[in-house]
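Since the structure comes first, as structure tokens, the remarks are kept for the end.
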2 protein chains.
Amino acid sequence: MSHTPGIRQAQKQRTRQALLDAALELLEGQSLSSLGLREVTRAVGIAPTAFYRHFRSVEDLGVALVEEALGSLHPMIRTTVSPAGEGEERIARAIELIAGHVDAHPAHVRFVARERHGGVRPVREAIQEQLARFTAEVGEALAGDAESAGWSEEDLLMLAQLYVDQMLITASLFLEAPASSPEARERVSRVAARQLRLIHVGRQHWLDGTGAAGSR
Amino acid sequence: MSHTPGIRQAQKQRTRQALLDAALELLEGQSLSSLGLREVTRAVGIAPTAFYRHFRSVEDLGVALVEEALGSLHPMIRTTVSPAGEGEERIARAIELIAGHVDAHPAHVRFVARERHGGVRPVREAIQEQLARFTAEVGEALAGDAESAGWSEEDLLMLAQLYVDQMLITASLFLEAPASSPEARERVSRVAARQLRLIHVGRQHWLDGTGAAGSR
DNA sequence: AATTCGGGAGAACAGTTGTTAACTGCATGG
DNA sequence: CCATGCAGTTAACAACTGTTCTCCCGAATT
């Protein structure tokens with residue numbers, strides 16, 4: 001009887017997570033394509049060969065990292081676009097949320113920004129796929145917004161893409177800003193807020209040229 | 001009076017360029033941080049030790065590649081923003097220019113997109129610096145535009161940043177689009193055009209809320 | 001014509017890499 | 001309670017890495 005049929009699998013998941021964590025930390029100073037299998041196992045404190053019990057290659061580990069990283073990004077994006085409050089306040093809140101997320105998971109953000117165009121195809125594609133899903137999700141959220149009345153689905157998606165890209169750029173800028181100086185951070189916030197505002201203004205007047213004179 | 005620069009230095013610059021070219025080609029399938037010195041020399045056909053006659057390290061070569069890649073991007077950005085024709089036509093022309101540049105120098109574009117957030121600090125910083133210069137330049141160009149009357153310098157820079165980032169994103173999308181299928185290319189063009197248009201609309205109504213008479 | 005200079009070659013170095021094989025110990029399911 | 005399964009280990013492999021030192025030879029300088 002013994003006992004929780006899970007001591008075994010729990011320990012496995014535990015070292016697996018340790019591998020992911022160690023890799024993420026090592027990736028602070030290099031790209032995935034130069035990350036070595038031995039390097040990771042050494043950091044964790046296990047034999048190199050044990051790596052194969054969890055991943056078939058470092059590429060595989062990278063793909064797993066994508067799931068983890070964008071899994072943590074998922075709720076953030078949803079909350080960011082969620083309709084709440086007036087326009088100006090919404091923008092401020094969105095930026096604050098991004099900044100908070102970068103603070104909470106800097107390694108994840110760095111990983112996504114770096115490997116999005118990185119040298120490992122499967123990882124790149126995994127990121128692209130997830131971001132496409134995010135874009136679609138944001139598009140749906142926008143569709144439910146009053147300001148999106150009369151918008152074609154294609155236009156909603158292009159706007160969603162604009163937002164998602166802008167979000168990533170802003171996150172990356174927060175990451176680069178020295179954590180010590182709050183002024184650099186404030187500068188990033190200011191610029192990002194204005195850019196979001198400009199996009200918002202463009203959104204409000206998007207249909208002005210069309211027959212429907214629905215300004216306002 | 002320095003005599004003829006010589007057949008000597010000419011040959012040196014020639015192998016130096018060969019190293020840069022070979023590196024750029026090898027970087028199609030990996031990141032700079034995993035590019036090996038021996039790998040590059042092997043591709044060129046010279047001894048590994050000869051590498052040191054031209055660069056102190058692969059990082060150094062990477063920084064040189066930044067100059068080359070963004071040097072070729074420089075005239076493009078300038079032309080793209082240059083005022084010519086009506087708004088809608090300008091957008092189409094800008095996108096065509098980007099597509100053409102990606103076709104002409106795909107490896108350069110890939111390199112910049114990849115290493116902008118890549119794992120090699122000096123290269124990352126070199127790219128950031130060059131992009132900042134571009135942004136400033138675009139800002140100046142925008143300042144000379146009639147549509148920018150009444151804009152603060154800070155706002156001009158944030159708009160310039162938006163444009164530069166958008167340009168890079170679009171270029172990267174063209175790069176990812178399979179060169180064979182013109183339909184994928186067309187799709188990228190369509191979305192990019194609409195995004196630029198939306199930004200343009202936002203720009204036109206940016207000052208609506210301020211003192212000037214307007215709706216609202 | 002003689003000498004210097006410098007790009008490149010060659011060999012050797014100490015480390016590192018991914019991957020294989022055969023092993024050990026312990027939680028697990030019968 | 002015992003036999004199986006499986007995470008993890010140890011040892012070994014061929015291949016590869018960056019870097020140093022010594023040498024070569026042709027162009028440049030004098």
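Per chain, numbering begins at 1; letters A, B, ... match sequence-line order.
- Contacts between residues 26-46 of chain A and DNA chain D, defined by a heavy-atom separation under 4.0 Å, are made by Arg38(A), Ile46(A).
- Atoms CD (Gln9(B)) and C1' (dG8(C)) sit 16 Å apart, rounded to a whole Å.
- The side-chain hydrogen bond (donor to acceptor under 3.5 Å, both in side chains) check on Glu39(B) picks up Gln30(B), with sequence neighbours excluded.
- Residues Leu37(B) and Pro48(B) form a side-chain contact, since some pair of their non-hydrogen atoms from C-beta on lies under 4.5 Å apart.
- Counting atom types as modelled, Thr49(A) pairs a side-chain N or O with a base atom of dT10(D) as donor and acceptor under 3.5 Å.
- Checking dA21(C), dT28(C), dT20(D) against every side-chain atom of Ile7(A), the shortest atom distance belongs to dT28(C).
- Closest of all the heavy-atom pairs between Gly36(A) and Val58(A) is C-CG2, 4.3 Å.
- For Pro106(A), the side-chain contact (heavy atoms from CB on, under 4.5 Å) criterion is met by Leu175(A), not counting sequence neighbours.
- Comparing the axis of the opening five pairs of the helix from dT19(C)-dA12(D) to dG30(C)-dC1(D) with that of the closing five pairs yields an angle of 10°, rounded to 10°.
- Pairs passing the salt bridge (charged side-chain N to carboxylate O under 4.0 Å, His left out) check and including a residue from residues 117-134 of chain B, sequence neighbours excluded, do not occur.
- With 3.5 Å as the limit, one finds no donor-acceptor pair spanning the side chains of Gln13(A) and Arg16(A).
- Axis angle between the ends of the helix from dA1(C)-dT30(D) to dT17(C)-dA14(D), five pairs each and rounded to 10 degrees, works out to 20°.
- The ring-ring contact (aromatic ring centres under 6.0 Å, His included) test applied to His200(A) returns no partner, not counting sequence neighbours.
- If you take NZ of Lys12(B) and P of dG6(C), they are 9 Å apart, rounded to a whole angstrom.
- Residues passing the side-chain hydrogen bond (donor to acceptor under 3.5 Å, both in side chains) test with Glu115(B): none are found, sequence neighbours excluded.
- Using modelled atom types, one finds no donor on one side chain facing an acceptor on the other under 3.5 Å when comparing Arg114(A) with Ser31(B).
- For Arg197(A), the salt bridge (Lys or Arg N to Asp or Glu O under 4.0 Å) partners are Glu88(A), not counting sequence neighbours.
- Summarising the geometry, the separation between CD on Gln11(A) and C1' on dA7(D) is reported as 9 Å, rounded to the nearest angstrom.
- Considering only side-chain N and O atoms, Thr15(A) lies under 4.0 angstrom from the phosphate OP1 or OP2 of dG8(D).
- Residues forming a side-chain contact (heavy atoms from CB on, under 4.5 Å) with Glu96(A) (at least two apart in sequence, or on another chain): none.
- Between Leu19(A) atom CG and dG8(D) atom C1' the separation is 12 Å, expressed in whole Å.
- Among residue pairs with one or both ends in residues 180-190 of chain A, those qualifying as side chain to side chain donor-acceptor pair (under 3.5 Å) are Asp103(A)-Arg185(A), Arg190(A)-Glu154(B); sequence neighbours excluded.
- There is no side-chain donor-acceptor pair under 3.5 Å between Gln166(A) and Gln166(B).
- Contact check of residues 50-61 of chain B against DNA chain C (heavy atom, cut-off under 4.0 Å) returns Ala50(B), Arg53(B), His54(B).
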